[in-house]
Amino acid sequence: MYVRLVNYVDAINQYRRTKISNRNFLVIAALIVGVLAGLAASLLKTITHHIEDFLQTGFHWEYKYYLFFFFPFIGILLSVMYVRRFIRKGKFETGLTPLLYTISRKSSKVEPHNIYSQIITAAMTVGFGGSTGLEAPIVTSGAGIGSVVGRFLGLSYRETTMLLACGAAAGIAGAFNSPIAGIVFAIEILLPEFTIPAFIPLLLASATAAVVARLFYNEQLFFLVTEGWKMDALIYYVILAALIGFFSIYFTKANSFIKGFFYKINHPYKKVVLGGLMLGLLVFLFPTLYGEGYITIKNLLGGNYFAVINNSIFSSYSNLPWVVLLFTLITLFAKSAATLITLGAGGNGGIFAPSLIMGGLMGFMVAYTVNTLGIAHLNVANFIVAGMAASLSAIMHAPLTGIFLIAEITGGYVLMVPLMITSAISYLINRSANKYSIYTKPLAEKGELSSHEDKDTTVLNMMKLKYLVERDYLVLNEEDVIGERLNEILQSKRNIFPVIGGEELCFKGLIYVEDVLKKGINHTDQQEMKVEELMVAAPDTLHLDDPMKIVLQKMEKENAWLLPVLNNQDKYIGFVSKTAIFNKYRALLSRQADYME
């Protein structure tokens with residue numbers, strides 16, 4: 001059945017190659033990806049919000065609100081149980097960091113289960129109150145759709161990568177009803193390089209996803225009514241940008257600390273219990289931390305400045321402005337902790353939505369404080385919007401995404417100048433302390449990051465050592481007698497031979513044909529000379545999982561043109577040569593150039 005399907009797909013691909021160019025076919029494929037990603041975005045948001053509505057308003061019980069202490073724990077537990085039961089161990093990862101790694105090191109091959117598993121786990125995590133966002137899961141799901149479609153249709157790496165980016169862009173467009181932000185996100189975060197021809201598939205995929213998502217889920221995220229911005233408020237936008245820039249540095253450090261804390265806990269269910277109960281306590285004390293948190297920003301934009309403190313155990317003090325400000329400040333830091341605990345404990349989600357919420361709260365605090373002190377009269381809604389853009393720009397190192405996303409979802413295009421100012425300043429402040437974004441930092445620390453400016457690194461990271469190994473070498477045992485193997489050695493086309501030995505037949509060293517000719521033939525007791533007598537140590541050895549950058553470093557260090565490759569048990573596999581590496585490098589470099597045509 002599988003063989004028949006493969007043959008059928010091959011026949012379709014052969015036919016379409018004769019009838020339509022790859023560039024035009026990519027446009028059709030992008031439309032398909034856009035439709036599927038739009039449906040996935042609608043499905044995720046619908047399921048999540050149905051779970052939230054049921055838990056919050058769907059049933060009535062006198063002590064129901066005490067269950068909010070346990071809801072986040074239940075959501076994370078269900079997510080972890082699903083992953084451990086239905087997905088192979090080590091094959092499920094959350095956030096955008098694994099997606100960036102997949103593009104640079106896994107030939108853009110996203111595991112197919114991500115299409116649905118990201119939706120299921122994110123819906124359970126966020127629906128039950130996990131304080132994180134849905135955007136990263138839907139981006140991964142959309143990217144999975146693009147990757148699977150590209151591979152199913154037999155497209156090349158560059159075309160599959162393009163469809164992966166189309167799926168990610170479509171995911172953002174469908175989630176926020178913001179096609180422009182989807183395109184900018186794909187270009188700024190995912191694609192290593194960009195030219196105008198690549199813009200067309202992204203545009204079509206994003207626009208299609210936005211239309212499809214709106215057909216099935218048309219709830220408006222935010223409403224903003226503004227007459228624009230005033231010059232005398234400009235200095236306060238700068239202050240807001242600086243505060244968010246420094247807060248984003250704190251958030252990055254907190255991310256490393258909390259992630260490290262949970263990483264030390266080996267048992268997954270211990271993480272769930274500890275993280276779930278910690279999160280439940282935070283949600284119980286600060287109800288605005290439940291789920292994505294967009295409802296709080298929506299209320300603040302509507303002028304309900306007490307929305308942060310309402311429904312909490314401190315709601316009786318909502319008539320005191322300074323209590324509201326203090327509670328908002330605590331909520332801001334609680335949101336950052338709740339988000340990172342949710343992810344560290346095993347929940348699925350991203351920092352996209354939390355970044356917006358934290359920035360919005362900071363913008364509200366700045367404007368509300370200035371107005372309360374009577375220093376000036378600021379438009380609070382404008383500062384909330386600017387804060388969201390600045391926070392997203394700083395934490396993700398994506399200022400253009402922050403600007404266009406917020407402008408689209410709020411309709412705040414008249415605020416473009418404040419959005420640009422706050423996004424640029426907050427981004428520069430974070431960039432001064434963190435060379436890498438919260439997504440790329442883990443890859444940079446492992447030496448697996450492909451810099452957008454470093455084409456050599458990008459190409460090298462695409463290369464896999466296992467595909468470059470040459471295995472047609474005569475293998476000798478250290479106990480072999482030279483005379484008995486002499487004919488094989490002399491007839492071989494190679495001038496170097498690997499030597500194995502011991503009970504496990506592990507790699508021992510090398511023999512060069514020159515040494516055999518020099519010492520072996522002229523030896524008076526040739527029939528008794530063993531291989532180990534002519535064997536020399538290898539300059540260095542490689543392992544199949546060595547990155548290509550390490551391979552080249554070892555070759556340069558030892559001035560070696562050829563090195564043996566071993567498996568994890570130190571057993572000989574074959575040799576890899578600089579010639580094979582350079583040939584593959586040139587082929588991939590040419591493919592990268594084609595990708596940008």
Side-chain angles (χ1 to χ4, degrees), residues 69-102 105 111 117-118 121-122 124-126 128-133 136-137 140 247-286 289 332-352 354-355 358 395-396 430 433-449 545 547 568:
F69 180 82
F70 298 100
F71 282 158
F73 162 74
I74 295 172
I76 296 173
L77 177 63
L78 291 174
S79 178
V80 171
M81 290 176 63
Y82 170 83
V83 170
R84 293 181 64 81
R85 175 64 180 83
F86 296 104
I87 300 176
R88 289 178 295 170
K89 187 176 181 182
K91 294 295 182 179
F92 184 79
E93 297 176 294
T94 62
L96 297 184
T97 300
L99 190 57
L100 296 174
Y101 179 81
T102 297
R105 301 296 295 275
E111 291 283 341
S117 61
Q118 294 286 341
T121 55
M124 290 190 293
T125 299
V126 179
F128 277 86
S131 192
T132 184
T140 304
F247 178 82
S248 68
I249 296 174
Y250 150 78
F251 184 77
T252 302
K253 293 183 181 296
N255 175 63
S256 299
F257 175 79
I258 294 178
K259 184 182 294 184
F261 171 78
F262 280 100
Y263 183 78
K264 295 175 183 177
I265 303 175
N266 294 323
H267 199 287
Y269 290 111
K270 287 183 179 179
K271 294 181 182 180
V272 173
V273 172
L274 180 60
L277 294 180
M278 290 170 63
L279 180 60
L281 178 61
L282 287 172
V283 171
F284 183 76
L285 294 175
F286 307 94
L289 301 182
L332 174 64
F333 284 91
K335 178 66 177 179
S336 64
T339 296
L340 299 175
I341 289 172
T342 302
L343 300 177
N348 186 15
I351 61 169
F352 217 105
S355 297
M358 292 184 291
I395 292 174
M396 293 176 54
N430 186 289
N434 300 300
K435 181 180 179 180
Y436 304 104
S437 73
I438 202 167
Y439 296 135
T440 57
K441 186 178 179 181
L443 297 178
E445 290 174 345
K446 296 178 182 179
E448 298 170 343
L449 178 64
D545 55 355
N568 291 332

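Every value quoted in this text rests on a predicted model; they were computed, and no experiment measured them.
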Which atom pair, heavy atoms only, marks the closest approach of Phe262 to Lys271? O-CE, 2.9 Å

Could you work out, with side-chain hydrogen bond (donor to acceptor under 3.5 Å, both in side chains) as the rule, every residue matching Ser131, not counting sequence neighbours? Lys335

Looking only at heavy atoms, which two atoms of Arg84 and Pro268 are closest? And how far apart? NH1-CG, 3.3 Å

Smallest separation among heavy atoms of Met358 and Phe251, with atom names: CE-CE1, 3.6 Å

Would Leu282 and Ile341 count as a side-chain contact (heavy atoms from CB on, under 4.5 Å) if you check the C-alpha gap in whole Å, the side-chain angles of each, and the deciding distance to 0.1 Å? CA-CA 10 Å; Leu282 287 172; Ile341 289 172; 4.1 Å; yes

Between Leu343 and Gly350, the two heavy atoms sitting closest are CD2-N, 4.3 Å

Can you establish whether the number of heavy atoms outside Met278 located under 6.0 Å from its atom CE is more than 12? yes

Any chance you could measure Glu111, atom CD, to Ile87, atom CD1, to the nearest 0.5 Å? 9.5 Å

Polar side-chain atom of Ser79 near backbone of Gly75 as donor-acceptor pair, under 3.5 Å: no

Dump the intermediate steps for side-chain contact (heavy atoms from CB on, under 4.5 Å) on Ile395 and Thr252, then the final yes or no. CA-CA 7 Å; Ile395 292 174; Thr252 302; 5.6 Å; no

Could you give the distance from CG (Leu100) to OG1 (Thr97), rounded to the nearest 0.5 Å? 6.0 Å

By side-chain hydrogen bond (donor to acceptor under 3.5 Å, both in side chains), Tyr82 pairs with (sequence neighbours left out) none

How long is the straight-line distance from CD1 of Ile438 back to CD1 of Ile351, given to the nearest 0.5 Å? 4.0 Å

Of all residues at least two apart in sequence or in a different chain, which pass the side-chain hydrogen bond (donor to acceptor under 3.5 Å, both in side chains) check with Ser248? Asn430

For Ile76, does its backbone N or O pair with a side-chain atom of Thr125 as donor and acceptor, under 3.5 Å? no

Kindly indicate, with the supporting measurements, whether the criterion side-chain contact (heavy atoms from CB on, under 4.5 Å) is fulfilled by Phe73 and Leu279. CA-CA 7 Å; Phe73 162 74; Leu279 180 60; over 6 Å; no

Are more than 12 heavy atoms, taken from residues, nucleotides or ligands other than Tyr269, located less than 6.0 Å from that residue's OH atom? yes

Kindly give the heavy-atom pair with the smallest separation between Gly133 and Pro354, and that separation in Å. N-CD, 3.8 Å

Between Lys259 and Leu340, does a side-chain contact (heavy atoms from CB on, under 4.5 Å) hold up when you go through it step by step? CA-CA 7 Å; Lys259 184 182 294 184; Leu340 299 175; over 6 Å; no

Report the relative orientation of the aromatic rings in Tyr250 and Phe247; use parallel for angles under 30°, tilted for 30 to 60°, perpendicular for over 60°. tilted

One should read off an interatomic distance between Thr121 OG1 and Leu78 CG, to the nearest 0.5 angstrom, of 11.0 Å

Any donor-acceptor N/O pair, Thr339 side chain to Ser336 backbone, under 3.5 Å: no

Nearest heavy-atom neighbours spanning Phe69 and Phe284: CD1-CB, 4.4 Å

